[in-house]
> 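I have a structure here, written as structure tokens, and I will follow up with some questions on it.
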Amino acid sequence: QLQASGGGLVQTGDSLRLSCAASGAAFSRYTMGWFRQAPGKEREFVATIRRGITYYSDSVKGRFGISRDNAKNMVDLQMNSLKPEDTGVYYCAASAGAITSTIRDSRAYNYWGQGTLVTVSS
């Protein structure tokens, strides 16, 4: 089970930190990712961390940072220099079998959190 939190309403240029708490065993074995879905758009990849290596979409690279604490079963997404186009519902997700070629594909993720809304005003 995944529980995302930390969303809210912020202004352009602000920062926000999302957290995702995972329950269950073997958390460290899972690839953990964040996806987002803007109104009227498809869900898109944001960031993921697999075996200590981080991957980002081009749209957030350099502004967002994903990290995990395996001892606490937590994965965070630090979002800086937020833009209105970052608005959306952010989902954390866990994958048991993602490989490098599939980590950006939502279909590779087995478990999903409920989502937390991030709204960036201009």
Side-chain angles (χ1 to χ4, degrees):
Q1 185 177 1
L2 302 174
Q3 182 76 31
S5 61
L9 173 63
V10 296
Q11 295 184 336
T12 298
D14 285 351
S15 297
L16 205 58
R17 189 176 185 89
L18 306 183
S19 294
C20 178
S23 59
F27 172 79
S28 62
R29 298 181 184 178
Y30 285 83
T31 294
M32 298 299 299
W34 286 93
F35 290 76
R36 68 187 181 190
Q37 187 167 16
K41 295 189 176 180
E42 299 278 322
R43 188 173 298 187
E44 65 173 356
F45 168 76
V46 175
T48 197
I49 183 166
R50 177 178 182 269
R51 297 184 180 180
I53 300 173
T54 57
Y55 304 82
Y56 299 95
S57 68
D58 289 343
S59 62
V60 307
K61 194 176 297 182
R63 300 188 297 122
F64 289 15
I66 186 171
S67 61
R68 67 190 296 167
D69 185 336
N70 290 333
K72 296 181 179 180
N73 281 17
M74 296 282 295
V75 59
D76 290 346
L77 184 68
Q78 177 66 42
M79 305 186 295
N80 301 322
S81 303
L82 283 161
K83 304 174 181 180
E85 51 264 43
D86 294 318
T87 293
V89 178
Y90 283 69
Y91 299 90
C92 64
S95 173
I99 57 177
T100 303
S101 62
T102 64
I103 53 173
R104 292 175 173 83
D105 189 340
S106 62
R107 294 170 296 179
Y109 290 77
N110 313 93
Y111 306 99
W112 291 84
Q114 86 288 0
T116 185
L117 177 62
V118 173
T119 304
V120 185
S121 64
S122 57

> How close do D76 and S19 get, counting heavy atoms only, and between which atoms?
OD1-OG, 2.9 Å

> Just jot down the side chain to side chain donor-acceptor pair (under 3.5 Å) partners of D86, sequence neighbours excluded, or say none.
R36, R63

> With sequence neighbours left out, what residues match D69 under side chain to side chain donor-acceptor pair (under 3.5 Å)?
none

> Could you pull out the closest heavy-atom pair between S95 and N110, with the gap in Å?
CA-OD1, 3.3 Å

> Tell me the closest heavy-atom pair linking L77 and A47, and the distance in Å.
CD1-CB, 4.1 Å

> Shortest non-hydrogen contact from M32 to V75?
CE-CG1, 3.8 Å

> Give me the atom names and distance for the closest heavy-atom approach of L18 to W34.
CB-CH2, 3.7 Å

> Could you tell me which residues satisfy salt bridge (Lys or Arg N to Asp or Glu O under 4.0 Å) with R29, sequence neighbours excluded, listed by chain and number?
none

> How many angstroms lie between atom OH of Y30 and atom OG1 of T48, to the nearest 0.5 angstrom?
14.0 Å

> Looking at T12 and K83, would you say the former's side chain and the latter's main chain have a donor-acceptor pair under 3.5 Å?
no

> Above 12 or not: heavy atoms from other molecules or residues under 6.0 Å from CD of Q11?
no

> For residues Y90 and M74: do they belong to one hydrophobic cluster (side chain heavy atoms under 4.5 Å, members Ile, Leu, Val, Met, Phe, Trp, Tyr)?
no

> Of the non-hydrogen atoms in S81 and S15, which two are nearest, and what is the gap between them?
N-OG, 4.3 Å

> Please identify each residue that fulfils side chain to side chain donor-acceptor pair (under 3.5 Å) with D14, with sequence neighbours left out.
none

> Within a radius of less than 6.0 Å around OH of Y111, do more than 12 heavy atoms belonging to other residues, nucleotides or ligands occur?
no

> Without swapping roles, check the side chain of T119 against the backbone of G8 for a donor-acceptor pair under 3.5 Å.
no

> Find out if a path of hydrophobic residues (ILVMFWY) with successive side-chain heavy-atom gaps under 4.5 Å connects M79 to V10.
yes

> Got more than 12 heavy atoms from elsewhere within 6.0 Å of CD, Q1?
no

> Is the shortest heavy-atom distance from the side chain of L2 to the side chain of Y91 under 4.5 Å?
no

> Is a side-chain donor or acceptor of R50 paired with a backbone partner of A98 at a separation under 3.5 angstrom?
yes

> Do Q78 and S67 make a side-chain contact, defined as non-hydrogen atoms from C-beta onward lying under 4.5 Å apart?
no

> If two hydrophobic side chains count as joined below 4.5 Å and joins carry through other members, does I103 share a cluster with I53?
yes

> Calculate, to the nearest 0.5 Å, the distance between atoms NZ and OG1 belonging to K61 and T54 respectively.
9.5 Å

> Which residues satisfy the ring-ring contact (aromatic ring centres under 6.0 Å, His included) test with F35, sequence neighbours excluded?
F45, Y109, W112

> Report yes or no: do V60 and L16 belong to one cluster of Ile/Leu/Val/Met/Phe/Trp/Tyr joined by side chain heavy-atom distances under 4.5 Å?
yes

> Name all residues meeting the side chain to side chain donor-acceptor pair (under 3.5 Å) criterion together with R104; count only those two or more places apart in sequence or in a different chain, and write none if there are none.
none

> Working to the nearest 0.5 Å, report the span between CG of L117 and OG1 of T87.
8.0 Å

> Nearest 0.5 Å please: distance from the OG atom of S5 over to the CZ atom of R17.
11.0 Å

> Check the hydrophobic clustering (I, L, V, M, F, W, Y; side-chain heavy atoms under 4.5 Å; chains of links allowed) and say if Y56 and L82 are grouped together.
yes

